[in-house]
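Computed from a prediction, not measured in an experiment: that's the story for all the values here. In what follows, chains carry the letters A, B, and so on, assigned in the order in which the sequence lines appear, proteins first and then strands, with residues in each chain numbered from 1.
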Amino acid sequence: MFLEFKKQVTSVLTDALASMGLQADDLGLESSQHADIASKVAFRLASQAKQSPKDLAQRIADTVFLPDGSLIGKVTAVGPYINIDASRDYVDDTVFRIRTETSEFGGGFCNGRILLEHTSANPNGPLHVGHIRNSIIGDTLKRVLRRAGYDVETQYYVNDMGRQIAIVSWALSRFEFDRAKKPDHAIADVYIKANVDLNADPAKVAEIDRLMQLVEKGDERTIKGFDEAVSLAIAGIKETLLRMNVQHDSFPHESGFIRSGAVSRIIEEAKATGKTEIDNGALVVDLADHGFEKTLVIQRTDGTSLYTTRDLAYHEWKSERADRMIDVLGADHKLISGQLKATLRLLGKPEPEVVIFEFVSLPEGSMSTRRGKFISADELLDQIEKQAYVEVDKRRPEMSEEFKKDVARTVGIGAVRYDIVKVSPEKSTVFDWKEALDFEKQGGPYIQYSHARACSILKKAAEDGLWDPAAPIDPSLLVELTEVDLIKKMASFDSVLETSARELKPNAMAIYARELADSFNQFYRFVPVLTAEEDEIRASRLALVDCARIVLANTLETLGIGAPESM
RNA sequence: GAGCGUGUGGCCUAGUCAGGAUAUGGCGGCAGCCUCCUAAGCUGCAAGCCGAGGGUUCAAAUCCCUUCACGCUCGCCA
């Protein structure tokens, strides 16, 4: 709705400028606390118009023509600014649209096919609290892009041939695997032991190298060993992801690109560019023309491929299946993803868009699966659900055990997802138990609570026979300040979705969710619904509560957070 | 040594790419609000001049330069 409003503002201002013989590439539109939207165009055109910004702003405001039924209500010059306020039609239309479009409201303005890769953690142990930042950013991005209208497929790229997997496979043949444990955790146990062993006796490293050569040559027994290790870890990882409402559409394996011959082909293609050379027996690509001083190794001295080489083949494959490729990667991949993009460019192939997020570390330092220094996602989720249960039990002691457990789960996951997604990906964070388990105000549960409140009003109204969702209502009766604020906030959902999708910034949606809940709680506090003075006003307000319920639910869904009707 | 990222009240954080009207919100602190739709809510108060220093501009948290601090990274790991 806001996008349409903005479009009208652009058109009306451009027309006004044209009739004055002026032209601006940038109208300097910005959100403002003084109006629904403001334009700084008078600053830009002051010299061109040979007028002071203040006078020019006034002249533009006077020149603007508003057609009937415009979403723009009034245009006023305040000093050098041009303030534009929405019309009553804008408010009324918003209510109407939400009621008719419901779960589709504000979306569907983009199209095209996107392959989105996220998480892709090595299957050498469970996901830890750093990995899930990737999962949550990635999954939220998927939901944002889908809602915006894209056809999105999410992929978890499974590393089933790297050195670390060779170590896991080797470890499984030497140490006992604890079948009683969740498989990814049991894998980590043997992996950590193997690393201790390898550090103590470097001679054993040769055994790992041998396994890697065998698997690349296609030795069946070795492949089977790797597969076993990988599928155990992935099964556990999937379970954790599912717990957080994260699901991938497919799990392409690295080895598939070796077996299909794609990796060999891409190595030949690289050679054909004339930009490769042999350096100490390894095949390297010269990326100097692309801003990388150092060359990139794409084939080891022993002829085996590297992660990067397989990744090239993977991206080539992806590019044939989608219009856009998006990779969500940790900060440690900054350099390598740059080199990957440069190499793809060199080969004349499409490059992925890369979303980088900074690290999550522990107070005592960075996490490491290999050294067993990490807090697993499962551990965090267990603790948070336990804490959430305490909170529900405190507030709703009369409810059933099933209700409390259910709410604790939904609220716990909501708290974790929101906590992670609300922070800009480019900020590094330090995991802190106290903070993680603190159900701070205005977090995920705050937004869920707003939704539950809306549901509660509607439920009560229905029980009293006051609520008929199908009955026509008069939105023009919604004139209270907090009512109009709430409606305008809901109207801007599309604009936030658009920004979030275009800039690949999932945190924009999180901030919006908080603001929307704020607006609803303000309304809730100051405007009585069930005890409204007149029947018609009550009907309109109930419809507004229903709208809030819908938009809050849509927003929560976009964040991958459950929307409980009661909590 | 080099590259990338970050630095906003006691703590966390929005805004920085596209410079403009009194810098967003939370936590913590202080003072209040449940005979009324769930107080996981709401109201008010104290607290920041945006790491430091220069520069560009009518206008800088935002752009440029210098500098400091922290995180990540720097060829046969992924």
Side-chain angles (χ1 to χ4, degrees), chain A residues 26 28-30 32-34 38 40 43 46 52-53 78-81 83 120-122 124 159 162-165 254 279-285 291-302 304-311 330-336 338-339 356-359 361 366 370 388 391-392 394-396 407 411 415 422-430 432 435 438-450 452-461 503 507-508 510-511 514-515 517-518 520-522 524-532 541-542 545 566-567:
Chain A
D26 181 6
L29 295 181
E30 61 178 14
S32 160
Q33 41 206 313
H34 309 283
K40 304 176 292 197
F43 282 113
S52 75
V78 178
Y81 298 92
N83 287 344
S120 303
N122 279 329
N124 55 5
N159 173 3
R163 171 162 231 103
Q164 299 172 25
I165 305 314
E254 274 193 47
D279 183 1
N280 284 323
L283 182 68
V284 302
V285 186
F292 294 95
E293 280 183 37
K294 295 180 178 174
T295 57
L296 175 69
V297 179
I298 58 170
Q299 192 171 40
R300 293 191 186 94
T301 312
D302 66 5
T304 58
S305 62
L306 289 93
Y307 166 85
T308 319
T309 327
R310 291 167 236 139
D311 216 16
D332 53 340
H333 282 67
K334 268 186 264 188
L335 177 63
I336 193 71
Q339 291 171 322
I356 297 284
F357 67 93
E358 291 290 330
F359 266 46
S361 56
S366 57
R370 182 168 46 84
E391 303 285 338
V392 192
K394 197 160 68 191
R395 286 164 239 260
R396 308 295 292 276
V407 171
V411 165
K422 73 173 182 194
V423 182
S424 286
E426 65 269 18
K427 291 224 186 207
S428 47
T429 61
V430 178
D432 178 80
E435 233 169 81
D438 177 28
F439 285 75
E440 61 176 304
K441 295 178 176 185
Q442 302 211 333
Y446 170 77
I447 300 149
Q448 293 172 313
Y449 180 66
S450 307
R453 274 181 145 182
C455 291
S456 170
I457 294 178
L458 296 172
K459 186 170 169 239
K460 201 153 274 183
E503 298 184 5
N507 64 312
I511 302 301
R514 194 204 70 214
E515 291 172 356
D518 264 344
F520 178 74
N521 281 320
Q522 288 289 324
Y524 185 95
R525 160 74 176 76
F526 291 106
V527 181
V529 177
L530 296 178
T531 57
R541 287 184 184 163
L542 280 167
V545 172
S566 174
M567 63 184 267

Can you tell me whether the base of B:rG75 sits syn or anti, using the 90° cut around 0 to define syn? syn
Which is it for B:rC49, anti or syn, if anything within 90° of zero counts as syn? anti
Sticking with atom [atom1], work out how far [N] lies from [M], rounded to a whole angstrom.
N: B:rU6; M: B:rC65; atom1: P; value: 15 Å
N: B:rA59; M: B:rU22; atom1: C1'; value: 15 Å
N: B:rC77; M: B:rC70; atom1: C1'; value: 25 Å
N: B:rC36; M: B:rG20; atom1: C1'; value: 46 Å
N: B:rU62; M: B:rU8; atom1: P; value: 14 Å
N: B:rA60; M: B:rC49; atom1: C1'; value: 12 Å
N: B:rC37; M: B:rG51; atom1: P; value: 46 Å
N: B:rC33; M: B:rA23; atom1: C1'; value: 29 Å

Can you tell me if [X] uses its side chain to pair, donor with acceptor, with the backbone of [Y] under 3.5 Å?
X: A:R514; Y: A:A510; value: no
X: A:R300; Y: A:L306; value: no
X: A:S32; Y: A:H34; value: yes

Report, as a single string ordered 5' to 3', how protein heavy atoms within less than 4.0 Å touch nucleotides 24-39 of chain B: B base, S sugar-phosphate only, - not at all. -SSS---------BBS
If only side-chain N and O atoms of [X] are considered, is one of them under 4.0 Å from the OP1 or OP2 phosphate oxygen of [N]?
X: A:Q522; N: B:rU43; result: yes
X: A:K334; N: B:rU73; result: no
X: A:R300; N: B:rC77; result: yes

Base, sugar-phosphate, or nothing: which does [X] touch, judged by heavy atoms less than 4.0 Å apart?
X: A:I336; result: base
X: A:G162; result: sugar-phosphate
X: A:N124; result: nothing
X: A:A331; result: sugar-phosphate
X: A:A46; result: nothing
X: A:V392; result: base
X: A:D302; result: nothing
X: A:N280; result: base

Single hit among A:I336, A:T309, A:L335 for side chain to side chain contact (heavy atoms under 4.5 Å, CB included) with A:L296: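 Of the listed residues A:I336, A:T309, A:L335, the side chain to side chain contact (heavy atoms under 4.5 Å, CB included) partner of A:L296 is A:I336.
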How many whole angstroms separate atom [atom1] of [X] from atom [atom2] of [N]?
X: A:H34; N: B:rA21; atom1: NE2; atom2: P; value: 8 Å
X: A:Q448; N: B:rG41; atom1: CD; atom2: P; value: 12 Å
X: A:Q339; N: B:rC77; atom1: CD; atom2: C1'; value: 13 Å
X: A:D311; N: B:rC76; atom1: CG; atom2: P; value: 17 Å
X: A:F43; N: B:rA60; atom1: CZ; atom2: C1'; value: 13 Å
X: A:E254; N: B:rC77; atom1: CD; atom2: C1'; value: 12 Å
X: A:E30; N: B:rA18; atom1: CD; atom2: C1'; value: 11 Å
X: A:L335; N: B:rC77; atom1: CG; atom2: P; value: 15 Å

Using the rule for Phe, Tyr, His and the six-membered ring of Trp, do A:Y81 and B:rG20 stack at under 5.5 Å and under 30°?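 Base of B:rG20: not stacked against A:Y81.
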Evaluate A:F43 against A:Y81 for ring-ring contact (aromatic ring centres under 6.0 Å, His included), listing each step before the verdict. CA-CA 8 Å; A:F43 282 113; A:Y81 298 92; 5.7 Å; yes
Contact check, side chains of A:F359 and A:D332, non-hydrogen atoms, under 4.5 Å: yes
Given B:rC42, B:rA40, B:rC17, identify the nucleotide with an atom nearest to the side chain of A:Y446. B:rC42
Counting side-chain heavy atoms from C-beta on, which of B:rA78, B:rA40, B:rU43 comes nearest to A:R310? B:rA78
Show each protein N/O and nucleotides 8-15 of chain B N/O combination with a separation under 3.5 Å, one pair to a line.
| from | atom 1 | to | atom 2 | distance (Å) |
| --- | --- | --- | --- | --- |
| B:rA14 | OP1 | A:S424 | N | 3.1 |
| B:rA14 | OP1 | A:S424 | OG | 2.8 |
| B:rA14 | OP2 | A:K427 | NZ | 3.0 |

Check: B:rC17 base within 3.5 Å donor-acceptor of A:E503 side chain: yes
Using a distance-only criterion (donor-acceptor N/O pair, under 3.5 Å, no hydrogens), is the base of B:rA40 paired with the side chain of A:N521? no
Drop me the distance from [X]'s [atom1] to [Y]'s [atom2], to the nearest 0.5 angstrom.
X: A:R310; Y: A:T304; atom1: CZ; atom2: OG1; value: 7.5 Å
X: A:N124; Y: A:R370; atom1: CG; atom2: CZ; value: 10.0 Å
X: A:R395; Y: A:M567; atom1: CZ; atom2: CE; value: 7.5 Å
X: A:S456; Y: A:L530; atom1: OG; atom2: CG; value: 8.5 Å

With both distances under 3.5 Å as the test, what is the Watson-Crick or G-U wobble partner of [N]?
N: B:rC4; result: B:rG71
N: B:rU16; result: none
N: B:rG29; result: B:rC45
N: B:rU38; result: none

Go nucleotide by nucleotide along RNA chain B from the 5' end; which of A:D26 and A:T304 gets its closest nucleotide reached first? A:D26
Earlier contact from the 5' end, RNA chain B, for A:S450 and A:F359: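 Going by which nucleotide is closer to the 5' end, it is A:S450.
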State whether A:F520 and A:R453 meet the cation-pi test: NZ (Lys) or CZ (Arg) under 6.0 Å from the six-membered ring centroid, and within 45° of the perpendicular axis. no
Can you find a side-chain donor-acceptor pair between A:N521 and A:Y449 that sits under 3.5 Å? no
Residue pair A:S566 / A:V407: nearest heavy atoms and the distance that separates them: O-CG2, 3.7 Å
